[in-house]
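Notes follow once the structure below has been shown.
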Amino acid sequence: MAPLDDRPGVWKSGKGKGRRQPKGRQYDDAALEDVRDLLGDRPRRRDLLIEFLHLIQDHHGHISARHLRALAEEMRLAQAEVYEVATFYAHFDVVKEDEAPPPALTIRVCDSLSCEMAGSQALRVALESGMDPSEVRVLRAPCMGRCDTAPVAELGHNHVDHATPEKIAAAIAAGETHAVIPDYEDLAAYRAGGGYRALADIRSGKRSVESVIKDVLESGLRGLGGAGFPSGKKFDIVRAAEGEKYLAVNGDEGEPGTFKDRYYLERTPHYMLEGILLAGFGIGATRCYIYMRDEYPAVLEILRREIAALEEAGIAEPGYIELRRGAGAYICGEESAMIESIEGKRGLPRHRPPFVAQVGLFGRPTLVHNVETLHWIARITREGPEVYGNHGTNDRKGLRSYSISGRVAKPGVYALDAGSTILDLIEAAGGMAPGHVFKAYQPGGPSSGLLPASMGDIPLDFDTLQPHGTFIGSAAVVVLSDHDRARDAALNMLRFFEDESCGQCTPCRTGCEKAVKLMQAETWDQPLLEDLCQVMGDASICGLGQAAPNPIRLVIKHFGDEI
(Lines give C-alpha, C1' and ligand atoms only; values in the text may rest on other atoms or scores of the structure.)
Protein backbone atom coordinates (compact mmCIF):
# COMPACT_ATOMS: atom_id res chain seq x y z
CA MET A 1 0.00 0.00 0.00
CA ALA A 2 1.27 3.49 -0.88
CA PRO A 3 2.46 5.76 1.92
CA LEU A 4 -0.23 8.13 3.25
CA ASP A 5 1.39 11.17 1.66
CA ASP A 6 1.31 9.51 -1.76
CA ARG A 7 -2.41 8.65 -1.69
CA PRO A 8 -4.54 10.98 -3.84
CA GLY A 9 -7.31 13.07 -2.28
CA VAL A 10 -5.92 13.22 1.25
CA TRP A 11 -2.94 15.53 1.26
CA LYS A 12 -2.76 16.29 -2.46
CA SER A 13 -5.11 18.24 -4.68
CA GLY A 14 -4.65 15.89 -7.64
CA LYS A 15 -2.70 18.48 -9.60
CA GLY A 16 0.64 17.96 -7.95
CA LYS A 17 0.14 20.72 -5.39
CA GLY A 18 0.71 19.40 -1.93
CA ARG A 19 -1.70 20.21 0.94
CA ARG A 20 -0.68 21.09 4.46
CA GLN A 21 -3.94 19.71 5.86
CA PRO A 22 -7.00 17.69 4.78
CA LYS A 23 -9.89 19.37 3.03
CA GLY A 24 -12.62 21.10 5.04
CA ARG A 25 -12.81 23.21 8.19
CA GLN A 26 -10.15 22.27 10.74
CA TYR A 27 -10.64 22.31 14.48
CA ASP A 28 -8.42 24.47 16.62
CA ASP A 29 -6.94 23.33 19.91
CA ALA A 30 -8.44 26.14 22.00
CA ALA A 31 -12.00 25.41 20.86
CA LEU A 32 -11.53 21.68 21.38
CA GLU A 33 -10.22 22.27 24.91
CA ASP A 34 -13.18 24.55 25.61
CA VAL A 35 -15.64 21.90 24.42
CA ARG A 36 -13.94 19.23 26.53
CA ASP A 37 -14.16 21.47 29.60
CA LEU A 38 -17.88 22.06 29.01
CA LEU A 39 -18.63 18.37 28.49
CA GLY A 40 -16.59 17.36 31.52
CA ASP A 41 -16.78 13.65 32.31
CA ARG A 42 -20.10 13.10 30.53
CA PRO A 43 -20.07 10.08 28.23
CA ARG A 44 -19.58 11.02 24.57
CA ARG A 45 -22.74 9.24 23.44
CA ARG A 46 -24.43 10.11 20.15
CA ASP A 47 -27.82 10.53 21.82
CA LEU A 48 -26.41 13.34 24.02
CA LEU A 49 -25.56 15.59 21.06
CA ILE A 50 -28.44 18.02 21.69
CA GLU A 51 -27.57 18.23 25.39
CA PHE A 52 -24.00 19.12 24.43
CA LEU A 53 -25.17 21.77 21.98
CA HIS A 54 -27.17 23.30 24.85
CA LEU A 55 -24.02 23.44 26.99
CA ILE A 56 -22.20 25.44 24.31
CA GLN A 57 -25.19 27.70 23.57
CA ASP A 58 -25.80 28.44 27.26
CA HIS A 59 -22.15 29.19 27.98
CA HIS A 60 -21.33 31.34 24.95
CA GLY A 61 -24.77 32.63 23.93
CA HIS A 62 -24.30 31.05 20.50
CA ILE A 63 -22.55 28.14 18.77
CA SER A 64 -19.61 29.30 16.70
CA ALA A 65 -18.28 27.39 13.72
CA ARG A 66 -15.11 26.72 15.76
CA HIS A 67 -17.06 25.09 18.58
CA LEU A 68 -19.30 23.18 16.21
CA ARG A 69 -16.23 21.75 14.48
CA ALA A 70 -14.60 20.94 17.81
CA LEU A 71 -17.75 19.19 19.06
CA ALA A 72 -17.83 17.07 15.91
CA GLU A 73 -14.20 16.11 16.54
CA GLU A 74 -14.87 15.26 20.18
CA MET A 75 -17.98 13.21 19.34
CA ARG A 76 -16.33 11.51 16.36
CA LEU A 77 -19.18 12.65 14.14
CA ALA A 78 -19.25 14.21 10.70
CA GLN A 79 -19.32 17.99 10.92
CA ALA A 80 -22.32 18.02 8.58
CA GLU A 81 -24.23 15.77 10.98
CA VAL A 82 -23.64 18.10 13.93
CA TYR A 83 -24.47 21.14 11.80
CA GLU A 84 -27.76 19.74 10.53
CA VAL A 85 -28.90 18.96 14.08
CA ALA A 86 -27.87 22.35 15.45
CA THR A 87 -29.60 24.28 12.67
CA PHE A 88 -32.82 22.25 12.90
CA TYR A 89 -33.72 23.68 16.31
CA ALA A 90 -34.78 27.29 16.81
CA HIS A 91 -32.97 27.81 20.12
CA PHE A 92 -29.48 27.18 18.75
CA ASP A 93 -27.70 30.15 17.17
CA VAL A 94 -25.06 28.80 14.79
CA VAL A 95 -22.61 31.55 13.83
CA LYS A 96 -20.20 31.16 10.91
CA GLU A 97 -16.73 32.73 10.76
CA ASP A 98 -17.86 35.82 8.82
CA GLU A 99 -20.95 36.46 10.92
CA ALA A 100 -21.40 38.49 14.09
CA PRO A 101 -22.74 36.64 17.12
CA PRO A 102 -26.18 37.64 18.42
CA PRO A 103 -26.44 40.28 21.17
CA ALA A 104 -26.06 39.17 24.77
CA LEU A 105 -29.81 39.48 25.43
CA THR A 106 -32.63 37.98 23.38
CA ILE A 107 -36.29 38.85 23.90
CA ARG A 108 -38.79 36.43 22.40
CA VAL A 109 -42.33 37.72 21.94
CA CYS A 110 -45.03 35.09 21.59
CA ASP A 111 -47.17 35.48 18.48
CA SER A 112 -49.59 32.58 18.92
CA LEU A 113 -53.33 33.21 18.71
CA SER A 114 -54.03 34.16 22.33
CA CYS A 115 -51.03 36.49 22.49
CA GLU A 116 -51.81 38.05 19.12
CA MET A 117 -55.35 38.75 20.29
CA ALA A 118 -53.84 40.38 23.40
CA GLY A 119 -51.62 42.72 21.37
CA SER A 120 -48.31 40.90 20.92
CA GLN A 121 -47.70 42.39 17.46
CA ALA A 122 -47.83 45.94 18.82
CA LEU A 123 -45.61 44.85 21.72
CA ARG A 124 -42.98 43.45 19.37
CA VAL A 125 -42.99 46.58 17.20
CA ALA A 126 -42.58 48.76 20.30
CA LEU A 127 -39.68 46.66 21.55
CA GLU A 128 -37.94 46.62 18.16
CA SER A 129 -38.16 50.41 17.87
CA GLY A 130 -37.22 51.03 21.50
CA MET A 131 -34.24 48.71 21.89
CA ASP A 132 -30.66 49.03 20.68
CA PRO A 133 -30.29 46.10 18.21
CA SER A 134 -26.60 45.80 19.05
CA GLU A 135 -27.51 45.11 22.68
CA VAL A 136 -30.89 43.37 22.47
CA ARG A 137 -32.34 41.02 19.87
CA VAL A 138 -36.15 40.91 19.55
CA LEU A 139 -37.65 37.82 17.94
CA ARG A 140 -41.15 36.56 17.28
CA ALA A 141 -41.63 33.15 18.83
CA PRO A 142 -44.27 30.41 18.89
CA CYS A 143 -46.45 29.56 21.89
CA MET A 144 -44.66 29.59 25.23
CA GLY A 145 -47.40 27.75 27.11
CA ARG A 146 -48.52 30.81 29.06
CA CYS A 147 -51.65 31.71 27.11
CA ASP A 148 -53.51 32.54 30.33
CA THR A 149 -51.23 35.54 30.88
CA ALA A 150 -51.07 36.85 27.30
CA PRO A 151 -49.23 38.66 25.87
CA VAL A 152 -46.02 36.98 26.99
CA ALA A 153 -42.37 37.75 26.33
CA GLU A 154 -39.32 35.74 27.35
CA LEU A 155 -36.40 37.85 28.54
CA GLY A 156 -33.45 35.46 28.39
CA HIS A 157 -35.05 32.62 30.36
CA ASN A 158 -37.42 34.80 32.38
CA HIS A 159 -41.04 34.97 31.26
CA VAL A 160 -42.79 38.31 31.59
CA ASP A 161 -46.55 37.80 31.88
CA HIS A 162 -49.04 40.42 30.65
CA ALA A 163 -45.97 41.96 29.05
CA THR A 164 -45.65 45.65 28.23
CA PRO A 165 -42.62 47.62 27.04
CA GLU A 166 -42.42 49.21 30.50
CA LYS A 167 -42.43 45.87 32.35
CA ILE A 168 -39.74 44.51 30.04
CA ALA A 169 -37.58 47.62 30.42
CA ALA A 170 -37.87 47.30 34.21
CA ALA A 171 -36.90 43.63 34.07
CA ILE A 172 -33.84 44.43 31.92
CA ALA A 173 -32.77 47.17 34.33
CA ALA A 174 -33.10 44.75 37.25
CA GLY A 175 -31.17 42.01 35.42
CA GLU A 176 -34.13 39.62 35.64
CA THR A 177 -33.16 37.20 32.89
CA HIS A 178 -33.39 33.87 34.74
CA ALA A 179 -36.37 31.61 35.29
CA VAL A 180 -38.45 32.24 38.40
CA ILE A 181 -39.09 28.96 40.23
CA PRO A 182 -42.64 28.90 41.67
CA ASP A 183 -43.59 27.31 44.98
CA TYR A 184 -44.38 23.64 44.42
CA GLU A 185 -44.90 20.40 46.35
CA ASP A 186 -41.46 18.87 46.85
CA LEU A 187 -40.61 15.26 47.62
CA ALA A 188 -40.96 15.58 51.41
CA ALA A 189 -44.41 17.16 51.15
CA TYR A 190 -45.57 14.65 48.55
CA ARG A 191 -44.47 11.69 50.64
CA ALA A 192 -46.14 13.15 53.73
CA GLY A 193 -49.41 13.02 51.83
CA GLY A 194 -49.01 9.36 50.89
CA GLY A 195 -46.87 9.72 47.80
CA TYR A 196 -44.86 6.70 46.58
CA ARG A 197 -46.65 4.26 48.94
CA ALA A 198 -48.43 2.63 46.02
CA LEU A 199 -45.10 2.30 44.20
CA ALA A 200 -43.55 0.66 47.28
CA ASP A 201 -46.46 -1.81 47.52
CA ILE A 202 -46.08 -2.83 43.89
CA ARG A 203 -42.31 -3.17 44.10
CA SER A 204 -42.61 -5.33 47.22
CA GLY A 205 -45.28 -7.57 45.71
CA LYS A 206 -48.07 -6.47 48.08
CA ARG A 207 -49.93 -5.31 45.00
CA SER A 208 -49.71 -6.63 41.45
CA VAL A 209 -48.98 -4.73 38.25
CA GLU A 210 -52.12 -6.35 36.81
CA SER A 211 -54.23 -4.60 39.44
CA VAL A 212 -52.83 -1.24 38.35
CA ILE A 213 -53.61 -1.95 34.70
CA LYS A 214 -57.10 -3.05 35.70
CA ASP A 215 -57.71 0.20 37.61
CA VAL A 216 -56.43 2.32 34.72
CA LEU A 217 -58.66 0.47 32.24
CA GLU A 218 -61.67 0.70 34.57
CA SER A 219 -61.17 4.44 35.01
CA GLY A 220 -61.48 5.00 31.26
CA LEU A 221 -58.23 6.98 31.11
CA ARG A 222 -57.10 7.74 27.57
CA GLY A 223 -53.93 9.45 26.35
CA LEU A 224 -54.26 13.13 27.24
CA GLY A 225 -51.62 14.40 24.85
CA GLY A 226 -54.19 14.41 22.05
CA ALA A 227 -54.33 10.92 20.53
CA GLY A 228 -56.75 9.49 23.07
CA PHE A 229 -55.55 5.87 22.89
CA PRO A 230 -56.69 3.84 25.95
CA SER A 231 -53.78 4.09 28.41
CA GLY A 232 -54.18 0.60 29.88
CA LYS A 233 -54.07 -1.05 26.45
CA LYS A 234 -50.92 0.81 25.46
CA PHE A 235 -49.37 -0.29 28.75
CA ASP A 236 -50.19 -3.95 28.01
CA ILE A 237 -48.77 -3.83 24.46
CA VAL A 238 -45.31 -2.68 25.55
CA ARG A 239 -45.29 -4.85 28.66
CA ALA A 240 -45.72 -7.97 26.54
CA ALA A 241 -42.66 -7.17 24.38
CA GLU A 242 -39.46 -9.14 24.91
CA GLY A 243 -36.03 -7.73 25.76
CA GLU A 244 -35.04 -4.14 26.49
CA LYS A 245 -37.79 -1.55 26.45
CA TYR A 246 -38.12 2.10 27.37
CA LEU A 247 -40.56 4.69 28.67
CA ALA A 248 -40.61 8.14 27.08
CA VAL A 249 -42.57 11.07 28.54
CA ASN A 250 -43.80 13.57 25.99
CA GLY A 251 -43.46 16.93 27.71
CA ASP A 252 -43.17 18.92 24.49
CA GLU A 253 -46.41 20.77 25.05
CA GLY A 254 -46.07 22.98 21.99
CA GLU A 255 -49.63 23.11 20.64
CA PRO A 256 -50.56 26.82 20.81
CA GLY A 257 -53.19 27.36 23.47
CA THR A 258 -52.00 24.41 25.62
CA PHE A 259 -50.52 24.92 29.08
CA LYS A 260 -52.10 22.22 31.26
CA ASP A 261 -48.92 20.15 31.62
CA ARG A 262 -46.96 23.19 32.79
CA TYR A 263 -49.77 23.96 35.25
CA TYR A 264 -49.42 20.55 36.92
CA LEU A 265 -45.63 20.35 36.82
CA GLU A 266 -45.18 23.77 38.42
CA ARG A 267 -47.40 22.67 41.30
CA THR A 268 -47.33 18.91 41.82
CA PRO A 269 -44.45 17.40 39.79
CA HIS A 270 -44.30 14.19 41.80
CA TYR A 271 -47.60 12.87 40.50
CA MET A 272 -45.96 12.63 37.09
CA LEU A 273 -42.70 11.31 38.54
CA GLU A 274 -44.50 8.59 40.50
CA GLY A 275 -46.50 7.79 37.38
CA ILE A 276 -43.20 7.35 35.51
CA LEU A 277 -41.81 4.96 38.11
CA LEU A 278 -45.08 3.00 38.25
CA ALA A 279 -45.27 2.64 34.47
CA GLY A 280 -41.54 2.00 34.12
CA PHE A 281 -41.62 -0.77 36.73
CA GLY A 282 -44.79 -2.22 35.24
CA ILE A 283 -43.37 -2.67 31.75
CA GLY A 284 -39.84 -3.50 32.93
CA ALA A 285 -38.34 -0.39 31.36
CA THR A 286 -34.56 -0.28 31.13
CA ARG A 287 -34.65 3.50 31.42
CA CYS A 288 -37.19 6.34 31.41
CA TYR A 289 -36.76 9.58 29.46
CA ILE A 290 -38.55 12.86 30.07
CA TYR A 291 -38.52 15.09 26.99
CA MET A 292 -39.35 18.60 28.20
CA ARG A 293 -39.69 21.65 26.01
CA ASP A 294 -37.04 24.34 26.36
CA GLU A 295 -39.75 26.99 26.72
CA TYR A 296 -40.36 25.69 30.27
CA PRO A 297 -37.09 26.59 32.08
CA ALA A 298 -38.76 26.62 35.52
CA VAL A 299 -40.18 23.13 34.97
CA LEU A 300 -36.78 21.87 33.82
CA GLU A 301 -35.18 23.15 37.02
CA ILE A 302 -37.94 21.68 39.22
CA LEU A 303 -37.51 18.29 37.56
CA ARG A 304 -33.72 18.39 37.93
CA ARG A 305 -34.10 19.04 41.64
CA GLU A 306 -36.78 16.45 42.28
CA ILE A 307 -35.18 13.66 40.22
CA ALA A 308 -32.00 14.21 42.24
CA ALA A 309 -34.09 14.06 45.43
CA LEU A 310 -35.63 10.75 44.32
CA GLU A 311 -32.18 9.32 43.68
CA GLU A 312 -30.88 10.50 47.03
CA ALA A 313 -33.89 8.97 48.80
CA GLY A 314 -33.32 5.65 47.05
CA ILE A 315 -36.70 5.76 45.30
CA ALA A 316 -35.15 5.94 41.83
CA GLU A 317 -31.87 4.39 40.76
CA PRO A 318 -29.31 6.99 39.64
CA GLY A 319 -29.69 7.54 35.91
CA TYR A 320 -32.94 5.57 35.65
CA ILE A 321 -34.87 8.77 34.84
CA GLU A 322 -33.12 10.93 32.24
CA LEU A 323 -34.28 14.48 31.66
CA ARG A 324 -33.85 15.66 28.08
CA ARG A 325 -34.25 19.28 27.07
CA GLY A 326 -35.93 20.21 23.81
CA ALA A 327 -34.57 23.07 21.72
CA GLY A 328 -37.52 24.85 20.15
CA ALA A 329 -39.22 22.53 17.67
CA TYR A 330 -42.99 22.03 17.77
CA ILE A 331 -42.73 18.93 15.59
CA CYS A 332 -41.05 17.09 18.48
CA GLY A 333 -44.46 16.85 20.11
CA GLU A 334 -45.13 14.12 17.55
CA GLU A 335 -44.02 10.96 19.34
CA SER A 336 -41.69 9.53 16.70
CA ALA A 337 -40.07 12.96 16.13
CA MET A 338 -39.61 13.23 19.90
CA ILE A 339 -37.86 9.85 19.90
CA GLU A 340 -35.54 11.01 17.11
CA SER A 341 -34.71 14.09 19.18
CA ILE A 342 -34.03 12.04 22.33
CA GLU A 343 -31.59 10.06 20.19
CA GLY A 344 -29.77 13.33 19.43
CA LYS A 345 -31.07 13.80 15.89
CA ARG A 346 -33.27 16.20 13.98
CA GLY A 347 -36.90 15.82 15.02
CA LEU A 348 -38.17 14.28 11.80
CA PRO A 349 -41.31 12.10 12.15
CA ARG A 350 -40.87 8.46 11.19
CA HIS A 351 -42.95 6.55 8.70
CA ARG A 352 -45.34 4.15 10.43
CA PRO A 353 -45.70 1.22 10.78
CA PRO A 354 -43.77 0.11 12.72
CA PHE A 355 -45.21 2.03 15.64
CA VAL A 356 -43.06 3.23 18.53
CA ALA A 357 -44.63 0.65 20.84
CA GLN A 358 -42.87 -1.91 18.61
CA VAL A 359 -39.77 -0.03 17.38
CA GLY A 360 -39.14 3.10 19.38
CA LEU A 361 -36.13 4.46 21.25
CA PHE A 362 -32.89 2.89 20.06
CA GLY A 363 -34.94 0.42 18.03
CA ARG A 364 -36.66 -1.06 21.09
CA PRO A 365 -40.35 -1.15 22.18
CA THR A 366 -41.21 2.15 23.85
CA LEU A 367 -44.17 3.24 25.95
CA VAL A 368 -44.88 6.93 25.26
CA HIS A 369 -47.11 8.82 27.68
CA ASN A 370 -48.10 12.45 28.09
CA VAL A 371 -47.34 14.36 31.31
CA GLU A 372 -50.98 14.61 32.39
CA THR A 373 -51.66 10.95 31.57
CA LEU A 374 -48.92 9.91 34.01
CA HIS A 375 -50.28 12.37 36.57
CA TRP A 376 -53.61 10.53 36.48
CA ILE A 377 -51.99 7.07 36.47
CA ALA A 378 -50.37 7.96 39.81
CA ARG A 379 -53.62 9.29 41.24
CA ILE A 380 -55.68 6.34 40.00
CA THR A 381 -53.17 3.88 41.44
CA ARG A 382 -53.24 5.63 44.80
CA GLU A 383 -56.90 6.66 45.08
CA GLY A 384 -58.69 4.12 42.88
CA PRO A 385 -60.31 4.31 39.43
CA GLU A 386 -63.25 6.33 40.70
CA VAL A 387 -61.09 9.44 41.27
CA TYR A 388 -61.09 9.79 37.49
CA GLY A 389 -63.84 7.50 36.21
CA ASN A 390 -66.69 8.77 38.42
CA HIS A 391 -66.79 11.98 36.43
CA GLY A 392 -68.27 12.90 33.08
CA THR A 393 -71.32 14.44 31.46
CA ASN A 394 -73.24 14.05 28.21
CA ASP A 395 -72.54 10.29 28.24
CA ARG A 396 -68.79 10.81 28.51
CA LYS A 397 -66.43 9.43 31.16
CA GLY A 398 -63.56 11.01 33.05
CA LEU A 399 -62.10 14.47 33.53
CA ARG A 400 -60.45 16.85 31.12
CA SER A 401 -57.95 19.56 31.95
CA TYR A 402 -59.02 22.33 29.60
CA SER A 403 -56.52 25.11 28.88
CA ILE A 404 -58.83 28.09 28.35
CA SER A 405 -57.58 31.42 26.99
CA GLY A 406 -58.66 34.23 24.72
CA ARG A 407 -61.67 36.46 25.34
CA VAL A 408 -62.72 35.06 28.71
CA ALA A 409 -62.67 36.81 32.07
CA LYS A 410 -60.39 34.33 33.87
CA PRO A 411 -58.12 32.32 31.54
CA GLY A 412 -56.54 29.25 33.11
CA VAL A 413 -56.59 25.47 33.46
CA TYR A 414 -59.95 24.03 34.53
CA ALA A 415 -60.47 20.35 35.34
CA LEU A 416 -64.06 19.71 34.29
CA ASP A 417 -66.16 16.68 33.45
CA ALA A 418 -65.35 15.10 30.12
CA GLY A 419 -68.13 16.04 27.74
CA SER A 420 -68.45 19.63 28.96
CA THR A 421 -69.43 22.11 26.25
CA ILE A 422 -67.77 25.37 25.33
CA LEU A 423 -70.54 27.18 27.19
CA ASP A 424 -69.63 25.22 30.35
CA LEU A 425 -66.00 26.16 29.87
CA ILE A 426 -66.75 29.86 29.39
CA GLU A 427 -68.86 29.81 32.53
CA ALA A 428 -66.05 28.13 34.49
CA ALA A 429 -63.65 30.81 33.24
CA GLY A 430 -65.82 33.59 34.62
CA GLY A 431 -67.79 34.27 31.46
CA MET A 432 -66.74 36.39 28.53
CA ALA A 433 -64.36 39.28 29.09
CA PRO A 434 -66.16 42.60 29.62
CA GLY A 435 -67.32 44.12 26.35
CA HIS A 436 -66.96 40.90 24.34
CA VAL A 437 -69.63 38.71 22.78
CA PHE A 438 -68.91 35.03 22.11
CA LYS A 439 -68.31 34.41 18.39
CA ALA A 440 -66.14 31.32 17.83
CA TYR A 441 -63.79 28.91 19.53
CA GLN A 442 -60.78 26.70 18.90
CA PRO A 443 -61.60 23.36 20.59
CA GLY A 444 -58.20 21.66 20.58
CA GLY A 445 -55.30 23.77 19.33
CA PRO A 446 -54.69 25.19 15.84
CA SER A 447 -54.91 21.71 14.34
CA SER A 448 -58.58 21.61 15.31
CA GLY A 449 -59.53 24.82 13.49
CA LEU A 450 -62.49 26.97 14.53
CA LEU A 451 -66.15 26.36 15.29
CA PRO A 452 -68.85 29.06 15.49
CA ALA A 453 -70.68 30.00 18.70
CA SER A 454 -73.82 28.45 17.23
CA MET A 455 -72.16 25.04 17.74
CA GLY A 456 -71.71 25.61 21.44
CA ASP A 457 -73.65 22.54 22.58
CA ILE A 458 -71.16 19.90 21.33
CA PRO A 459 -69.50 17.85 24.10
CA LEU A 460 -65.76 18.56 24.03
CA ASP A 461 -64.21 15.11 24.29
CA PHE A 462 -62.60 12.36 22.26
CA ASP A 463 -64.77 11.11 19.37
CA THR A 464 -67.49 13.77 19.76
CA LEU A 465 -65.99 16.41 17.46
CA GLN A 466 -64.85 14.26 14.53
CA PRO A 467 -68.28 14.33 12.82
CA HIS A 468 -67.88 18.12 12.66
CA GLY A 469 -64.44 17.98 11.01
CA THR A 470 -62.42 18.68 14.14
CA PHE A 471 -61.20 17.07 17.39
CA ILE A 472 -60.41 17.76 21.05
CA GLY A 473 -56.65 17.15 20.77
CA SER A 474 -54.90 18.48 23.87
CA ALA A 475 -58.00 20.48 24.93
CA ALA A 476 -56.36 23.81 24.06
CA VAL A 477 -59.45 26.04 23.94
CA VAL A 478 -59.19 29.60 22.67
CA VAL A 479 -62.34 31.74 22.73
CA LEU A 480 -62.92 34.43 20.09
CA SER A 481 -65.36 37.32 20.29
CA ASP A 482 -67.08 39.82 18.04
CA HIS A 483 -63.82 41.83 18.15
CA ASP A 484 -62.02 39.11 16.16
CA ARG A 485 -62.09 37.82 12.60
CA ALA A 486 -62.05 34.07 12.08
CA ARG A 487 -60.01 34.44 8.89
CA ASP A 488 -57.28 36.31 10.80
CA ALA A 489 -57.22 33.58 13.44
CA ALA A 490 -56.91 30.91 10.74
CA LEU A 491 -54.05 32.82 9.09
CA ASN A 492 -52.27 32.96 12.46
CA MET A 493 -52.61 29.19 12.73
CA LEU A 494 -51.26 28.51 9.23
CA ARG A 495 -48.33 30.85 9.78
CA PHE A 496 -47.49 28.79 12.83
CA PHE A 497 -47.61 25.57 10.80
CA GLU A 498 -45.51 27.18 8.05
CA ASP A 499 -42.81 28.06 10.60
CA GLU A 500 -42.95 24.74 12.44
CA SER A 501 -43.12 22.27 9.54
CA CYS A 502 -40.05 20.06 9.80
CA GLY A 503 -39.65 20.25 6.01
CA GLN A 504 -39.31 16.51 5.51
CA CYS A 505 -42.28 16.12 3.15
CA THR A 506 -43.24 18.45 0.31
CA PRO A 507 -47.04 18.48 0.89
CA CYS A 508 -46.59 20.00 4.34
CA ARG A 509 -43.47 22.09 3.72
CA THR A 510 -44.74 23.73 0.53
CA GLY A 511 -48.44 23.37 1.27
CA CYS A 512 -48.34 25.51 4.42
CA GLU A 513 -46.34 28.19 2.62
CA LYS A 514 -48.77 28.29 -0.31
CA ALA A 515 -51.76 28.31 2.02
CA VAL A 516 -50.46 31.37 3.86
CA LYS A 517 -50.03 33.26 0.58
CA LEU A 518 -53.52 32.34 -0.61
CA MET A 519 -55.10 33.25 2.74
CA GLN A 520 -53.60 36.74 2.63
CA ALA A 521 -55.74 37.63 -0.38
CA GLU A 522 -58.81 39.79 0.28
CA THR A 523 -60.97 37.12 -1.34
CA TRP A 524 -59.97 33.50 -0.90
CA ASP A 525 -59.66 31.24 -3.92
CA GLN A 526 -61.76 28.50 -2.34
CA PRO A 527 -61.44 25.78 -5.02
CA LEU A 528 -57.65 26.16 -5.10
CA LEU A 529 -57.44 26.13 -1.29
CA GLU A 530 -59.58 23.00 -1.15
CA ASP A 531 -57.32 21.25 -3.68
CA LEU A 532 -54.32 22.22 -1.57
CA CYS A 533 -55.99 20.98 1.61
CA GLN A 534 -56.79 17.65 -0.03
CA VAL A 535 -53.19 17.07 -1.10
CA MET A 536 -51.82 18.06 2.31
CA GLY A 537 -54.23 15.81 4.16
CA ASP A 538 -53.67 12.82 1.89
CA ALA A 539 -49.91 12.98 1.37
CA SER A 540 -48.27 14.48 4.47
CA ILE A 541 -46.18 12.11 6.57
CA CYS A 542 -47.47 13.13 10.00
CA GLY A 543 -50.31 14.86 11.78
CA LEU A 544 -48.92 18.37 11.32
CA GLY A 545 -49.50 18.46 7.58
CA GLN A 546 -52.57 16.24 7.76
CA ALA A 547 -54.37 18.53 10.24
CA ALA A 548 -53.05 21.92 9.07
CA PRO A 549 -55.92 22.29 6.55
CA ASN A 550 -58.57 22.19 9.30
CA PRO A 551 -58.52 25.95 10.04
CA ILE A 552 -58.95 26.68 6.33
CA ARG A 553 -61.81 24.27 5.79
CA LEU A 554 -63.74 25.29 8.89
CA VAL A 555 -63.47 29.02 8.13
CA ILE A 556 -64.74 28.36 4.60
CA LYS A 557 -67.60 26.27 6.02
CA HIS A 558 -68.69 28.43 8.95
CA PHE A 559 -67.38 31.95 8.29
CA GLY A 560 -67.83 32.30 4.54
CA ASP A 561 -68.97 35.90 4.87
CA GLU A 562 -65.43 36.87 5.96
CA ILE A 563 -63.61 35.48 2.93
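Treat the numbers as computed from the prediction; the structure is a model and nothing was measured. In what follows, residues are counted from 1 in the order of the sequence shown.
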Are [X] and [Y] close enough that a side-chain donor and a side-chain acceptor fall under 3.5 Å?
X	Y	result
E334	S336	yes
R509	S501	no
T149	D161	yes
Y291	S341	yes
S403	T258	no
E255	S447	yes
D461	T464	no

Between [atom1] on residue [X] and [atom2] on residue [Y], distance to nearest 0.5 Å:
X	Y	atom1	atom2	answer
L529	K514	CG	NZ	12.5 Å
D531	Q526	CG	CD	12.0 Å
I342	L48	CD1	CG	11.5 Å
L348	I339	CG	CD1	13.5 Å
S454	F438	OG	CZ	9.0 Å
E372	D261	CD	CG	6.5 Å

Subject >> Side chain S112, main chain C110, donor-acceptor under 3.5 Å >> reply: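 Flag not set: sc S112 to bb C110 has no pair under 3.5 Å.
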Check [Y] with [X], please: is the shortest side-chain N to carboxylate O separation under 4.0 Å?
X	Y	value
D252	R324	no
E335	R352	yes
E154	R146	no
R487	D561	no
R553	E530	yes
E340	R350	yes

Do [X] and [Y] have side chains that approach each other closer than 4.5 Å (heavy atoms only, starting at C-beta)?
X	Y	result
K260	H375	no
V408	E427	no
L374	V249	yes
I50	R325	no
V371	E253	no

**OP:** May I ask you to decide if the ring planes of Y246 and F362 are parallel, tilted or perpendicular, using 30° and 60° as cut-offs?
**Re:**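 Ring orientation, 0 to 90° scale: perpendicular.
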**OP:** Test the R267-Y264 pair against the cation-pi criterion, namely NZ or CZ under 6.0 angstrom from the six-membered ring centroid and within 45° of the ring axis.
**Re:**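 The answer is no, since R267 fails at least one limit relative to Y264.
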Subject >> Cation-pi geometry met for R293 and Y296 (6.0 Å, 45°) >> reply: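 Because its charged atom sits under 6.0 Å from the ring centre and within 45° of the axis, R293 does stack over Y296.
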Original post:
Which of these, R140, R495, R124, sits in a salt bridge (Lys or Arg N to Asp or Glu O under 4.0 Å) with D111?
Top reply: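 Only one option passes, and that is R140.
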Subject >> Residue pairs, two or more places apart or on separate chains, that pass salt bridge (charged side-chain N to carboxylate O under 4.0 Å, His left out) and touch residues 402-411 >> reply: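 Qualifying pairs: R407-D484.
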Search all heavy atoms of [X] against all heavy atoms of [Y] and return the closest pair with its distance.
X	Y	result
F259	C147	CE2-CB, 3.7 Å
I237	A357	CG2-CB, 4.1 Å
L450	A490	CD1-N, 4.5 Å

